[in-house]
Novice: 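This structure is in structure tokens; I'll ask about it shortly.
Being a predicted model, the structure only gives us computed values, none of them experimental. We count ligands from 1, going down the list as the structure has it; atoms in each ligand are counted the same way. One-based numbering along the sequence shown.
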Amino acid sequence: MSTDVAGVRITGLRKRYGDTVALAGLDLVARPGEILGIAGPNGAGKSTMVKILAGEVRWDEGEILVDGEPWSSDFGSDRVAVVHQETLLFPNLTVGENVVAGWENDGWRWPRAGDEHHALFDELGILRLRNVPLGELGLAVQQRTEMARALVRDARVMLFDEPNSALTPDESREFFRLAHQLADAGRVVMLISHRLQELATHSDRVAVIMDGRCVRVIEGADKTAETIAETLVRGLGTSAAADAEPVVRNGRTIGESTLELVRVTDTRRLFRDLDFSVPKGHVTALIGVEGSGGREILRACAGLRRVHGTVRVNGRAVRQAQLGSYVSYVAADRASSLFSNLSVGENLVIRLDREISRGALGLRTRRMASLAEELRREFHVKSDGIDIGIRSLSGGNQQKVAIAAAVGAKPAVLALEEPTRGVDISSKAEIYEILRRFVADGGAVVLFCTEIPEVYEVADQLHVVYDGRLSQPLAVADFADMEALAKAVASLETHGSVAPAA
Ligand code: ADP
């Protein structure tokens, strides 16, 4: 096999879903031995490409060659392996059973010392876990089991779709180490991610996909998070970087305030004499690094931190203990927003106690069930009814339940910490949609975020939090693109002021 045909070569790939063009003539080459990063906004066609390569959907026109051979459904799922964000394995089967599930009869056996796959499995850290039910193991091990499954089928192409969005930093590092190893062993590795810095660091080249086409492949010295961000926003090259200077118009009045913190001081002194208001009809983001105080200010908005000062809702002072009646809070950590031993339905209505409960345990069953079903539909929670355990849902759907429950309580304000952390892309888009609808209906949303793309996608205005202090509000619409916003935020985080526009 000559090197110019090795790998994956996609030419003129087109795919429509009804009237929607998902892929509009995608050209892409992924070479063995490299990690090809793939960036693109929601709806760009990335998942469609992955599904086509994995043999899950058919394409309309175009050509895909794998090592010079036309892609065919016969080899699709063996040679091309997709490691999903939420693994698609069987939690009640053991690691060993999951590795071979679907082709137990092919005579393959769990590797022993000296066997072909022994070192690989050792590397993946699953050798000793053969008989452990997968459901008892963390997401990182589940993911490595999926990798093992692909490796024993001798997959040539490994596709990772947001692989580390739900992993801890240590697990992420380990993941990237393995991904490099797969590439070094001559496989084609494709990595789809919204985390631009990681794409820049770990990919050999980064393909930017927009509107169903590859608009640019970034490599060499250009391969930086900034260039990727800029390409994403402009859809082309970097020559116009000078235009991207932030144009910041502060002090714009946005709507009347629903929630106001007036000279509020945290009893632990994480912030002092803080004035902050959350306007009706808008999504307001607090963005700051860990330790900036942003998370604590958000919690103070929900009455969850001990503070001195005045908090008003719709102009009236409200005691801290009462704030929860006006502000619904959703934690970043789903485990603390949801009751893991309760059903989807119970989680959806747990906050509606005044409307449907008689005391904490006396939920009116029928009313509860119909409300829960309404919420499930309205918020597109993908679950098999409302009676199943919350834990059986994907992370994204669990988060939708947490947010639906908060919205269902009809608060004046929604206060959310990192609402889409560890959530798959389609749920992410749906969550943003839920928040946009909530403010369109007259509510107010305040978020604590750590990621610029999230702010750029969902917020109307933001404050940068630095050392317990807030910047002036910046209107997201005033920024030409995400990169300009990122620059302004970075400048505020380091200098406490925005560099003036050139
Ligand atoms: P990405 O993964 O980059 O977010 P997708 O491949 O999911 O993008 O989507 C590309 C476009 O195709 C979007 O407009 C999306 O709404 C549409 N699309 C994807 N899957 C389907 C489907 N099963 N039915 C209808 N439209 C779809």
Novice: Keeping the roles fixed (side chain from Asp161, backbone from Ile192), state whether a donor-acceptor pair exists under 3.5 Å.
Specialist: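 It does not hold such a pair.
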
Novice: Would you please say whether a donor-acceptor pair under 3.5 Å links the side chains of Gln143 and Asn164?
Specialist: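 No donor-acceptor contact under 3.5 Å links the two side chains.
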
Novice: Please verify whether a non-hydrogen atom of Gly45 lies at under 4.0 Å from ligand 1.
Specialist: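 Heavy atoms of Gly45 do come under 4.0 Å of ligand 1.
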
Novice: Could you find the nearest protein heavy atom to atom 4 (O) of ligand 1 and give me its residue, atom name and distance?
Specialist: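 So the nearest neighbour among protein heavy atoms is Gly43 N, 2.6 Å.
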
Novice: Counting N and O atoms only, with roles assigned by atom type, does the side chain of Glu63 sit under 3.5 Å from a partner on the main chain of Pro70, one being a donor and the other an acceptor?
Specialist: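 Looks like no, no N/O pair under 3.5 Å.
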
Novice: Protein heavy atoms near atom 6 (O) of ligand 1, is at least one of them under 4.0 angstrom away?
Specialist: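 Protein heavy atom within 4.0 Å of atom 6 (O) of ligand 1: present.
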
Novice: Just jot down the ligand 1 atoms closer than 4.0 angstrom to any heavy atom of Thr20, in number order.
Specialist: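 Those qualifying, in numeric order: 12 (O), 14 (O), 17 (C).
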
Novice: Specify the protein heavy atom at minimum distance from atom 25 (C) of ligand 1: its residue, its atom name, and the distance to 0.1 Å.
Specialist: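 Ranking protein heavy atoms by distance from atom 25 (C) of ligand 1, first comes Tyr17 CB, 3.2 Å.
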
Novice: With a cut-off of 4.0 Å, which atoms of ligand 1 are near a heavy atom of Ala22?
Specialist: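 With Ala22 as reference, the close atoms of ligand 1 come out as 10 (C), 11 (C), 12 (O).
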
Novice: So, for Phe175 and Phe160, is the gap between ring centers shorter than 6.0 Å?
Specialist: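 Close enough - the centres of the two rings lie under 6.0 Å apart.
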
Novice: Is Lys46 close to ligand 1, meaning an N/O of one under 3.5 Å from an N/O of the other?
Specialist: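 It does: an N or O of Lys46 is found under 3.5 Å from an N or O of ligand 1.
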
Novice: Quick one: CD on Glu123 to CZ on Arg177, what's the gap to the nearest 0.5 Å?
Specialist: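 Spacing of CD (Glu123) from CZ (Arg177) equals 4.5 Å.
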
Novice: Can you report which non-hydrogen protein atom sits closest to atom 2 (O) of ligand 1, along with the distance?
Specialist: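 Result for atom 2 (O) of ligand 1: Ser47 OG, 2.5 Å.
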
Novice: Under 3.5 Å between some N or O of ligand 1 and some N or O of Val21?
Specialist: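 By distance alone, the answer is no.
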
Novice: Determine whether a donor-acceptor pair (N or O, by modelled atom type, separation under 3.5 Å) exists between the side chain of Ser203 and the backbone of Val206.
Specialist: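 A pair under 3.5 Å: no.
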
Novice: Okay, side chain of Asn397, backbone of Leu393: is any donor-acceptor separation there less than 3.5 Å?
Specialist: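 Checking the backbone N and O of Leu393 against the side chain of Asn397, no donor-acceptor pair under 3.5 Å is found.
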
